[in-house]
Amino acid sequence: MMIRLVEPRDDAEWFRMRDALWPGLPTTQHQEEMAGYRCGRSLAVFVADRRDGRLGGFLEAGSRPYADGCAFSPVGYIEGWYVDPDLRQQGVGRALVEAAENWARGRGYREIASDCVFENEVSFKAHHHLGYQEANRLVHFCKPLNGK
């Protein structure tokens with residue numbers, strides 16, 4: 001398995017995995033966000049190349065002005081991280097994260113942060129296993145405003 005930056009030939013596989021990570025996201029939103037990664041200077045997408053024309057995972061990295069629990073600004077940020085089920089617990093996720101950490105270091109960031117939804121126990125455990133420490137717990141609320 002080779003970890004490398006995403007290339008235009010990877011779009012169908014990258015889209016497939018994004019849709020698995022964020023099911024229900026409209027196709028147009030996936031396409032817009034993918035295009036944003038292509039032209040962003042402080043963004044990078046790493047992929048796990050199976051070397052048979054298919055990919056087995058991806059990690060979208062960016063930067064944010066700040067992140068909960070971080071002391072420095074800006075910080076590298078893991079925006080999305082996915083590994084196909086058949087490749088999990090084989091070091092692919094770790095290799096993707098290490099690529100993102102090296103990318104962030106190379107840009108002078110002193111910290112990198114990430115998040116996961118509360119219910120995603122697999123992601124929570126994977127983050128801890130790779131040395132990430134929980135910084136905060138937050139519950140988000142939303143209320144539709146229906147003309148009243």
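Treat the numbers as computed from the prediction; the structure is a model and nothing was measured.
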Checklist line | Check: Ile78 and Leu59 side chains under 4.5 Å, non-hydrogen atoms | finding: yes
Applied to residues 110-122, the salt bridge (Lys or Arg N to Asp or Glu O under 4.0 Å) test, sequence neighbours excluded, yields Glu121-Lys125
Looking only at heavy atoms, the pair that brings Ala48 and Val92 closest together is CB-CG1, 3.6 Å
Closest heavy-atom pair, Trp103 versus Gly62, reported as atoms and distance to 0.1 Å, is CZ3-O, 3.6 Å
Using residues 67-75 as the side-chain source, report each donor-acceptor pair under 3.5 Å to any protein atom, sequence neighbours left out, with the distance given to one decimal.
unit_1, atom_1, unit_2, atom_2, d
Asp68, OD2, Asn136, ND2, 3.1
Ser73, OG, Pro65, O, 2.3

By side-chain hydrogen bond (donor to acceptor under 3.5 Å, both in side chains), Arg64 pairs with (sequence neighbours left out) Glu79
To the nearest 0.5 Å, atom CG of Asn102 lies from atom CD1 of Ile3 at 12.0 Å
Residues Gln90 and Asp86: closest non-hydrogen pair is NE2-O, 2.8 Å
Between the CZ atom in Arg107 and the OG atom in Ser63, the distance rounded to the nearest 0.5 Å is 9.5 Å
For Arg50 and Gly56, the nearest pair of non-hydrogen atoms, with its separation, is NE-CA, 3.6 Å
* Side chains of Glu60 and Phe46 in contact at under 4.5 Å (non-hydrogen atoms) -> no
Look at the side-chain heavy atoms of Ile, Leu, Val, Met, Phe, Trp and Tyr, link any pair under 4.5 Å apart, and say whether Val97 and Leu5 land in one connected group.
yes
Sorted by chain and number, sequence neighbours left out, side-chain hydrogen bond (donor to acceptor under 3.5 Å, both in side chains) with Glu33 holds for Arg18, Gln29
Those residues at least two apart in sequence (or on a different chain) that pass side-chain hydrogen bond (donor to acceptor under 3.5 Å, both in side chains) with Asp11 are Arg38
Assess whether side-chain contact (heavy atoms from CB on, under 4.5 Å) is satisfied between Thr27 and Gln31, documenting all intermediate values. CA-CA 6 Å; Thr27 298; Gln31 292 167 335; 3.6 Å; yes
Derivation and outcome, side-chain contact (heavy atoms from CB on, under 4.5 Å), residues Tyr77 and Ile112:
CA-CA 5 Å; Tyr77 207 87; Ile112 189 167; 5.8 Å; no
Sorted by chain and number, sequence neighbours left out, ring-ring contact (aromatic ring centres under 6.0 Å, His included) with His129 holds for none
Practice problem: Keeping the roles fixed (side chain from Asn120, backbone from Ser123), state whether a donor-acceptor pair exists under 3.5 Å. | Solution: yes
Arg54 meets the side-chain hydrogen bond (donor to acceptor under 3.5 Å, both in side chains) criterion, sequence neighbours left out, with Asp52
Cluster membership besides Trp14, Ile/Leu/Val/Met/Phe/Trp/Tyr side chains within less than 4.5 angstrom, sorted by chain and number, is Val6, Phe15, Met17, Leu21, Trp22, Leu25, Met34, Tyr37, Leu43, Val45, Val47, Leu55, Phe58, Tyr82
Residues at least two apart in sequence or cross-chain that pass ring-ring contact (aromatic ring centres under 6.0 Å, His included) with Phe124, listed by chain then number, are His128
Only residue of Glu7, Met1, Met2 satisfying side-chain contact (heavy atoms from CB on, under 4.5 Å) with Asp49 is Met2
Sequence neighbours excluded, the answer for ring-ring contact (aromatic ring centres under 6.0 Å, His included) partners of Tyr109 is none
Applying salt bridge (charged side-chain N to carboxylate O under 4.0 Å, His left out) to Glu13 and not counting sequence neighbours gives Arg16
Tyr66 meets the ring-ring contact (aromatic ring centres under 6.0 Å, His included) criterion, sequence neighbours left out, with none
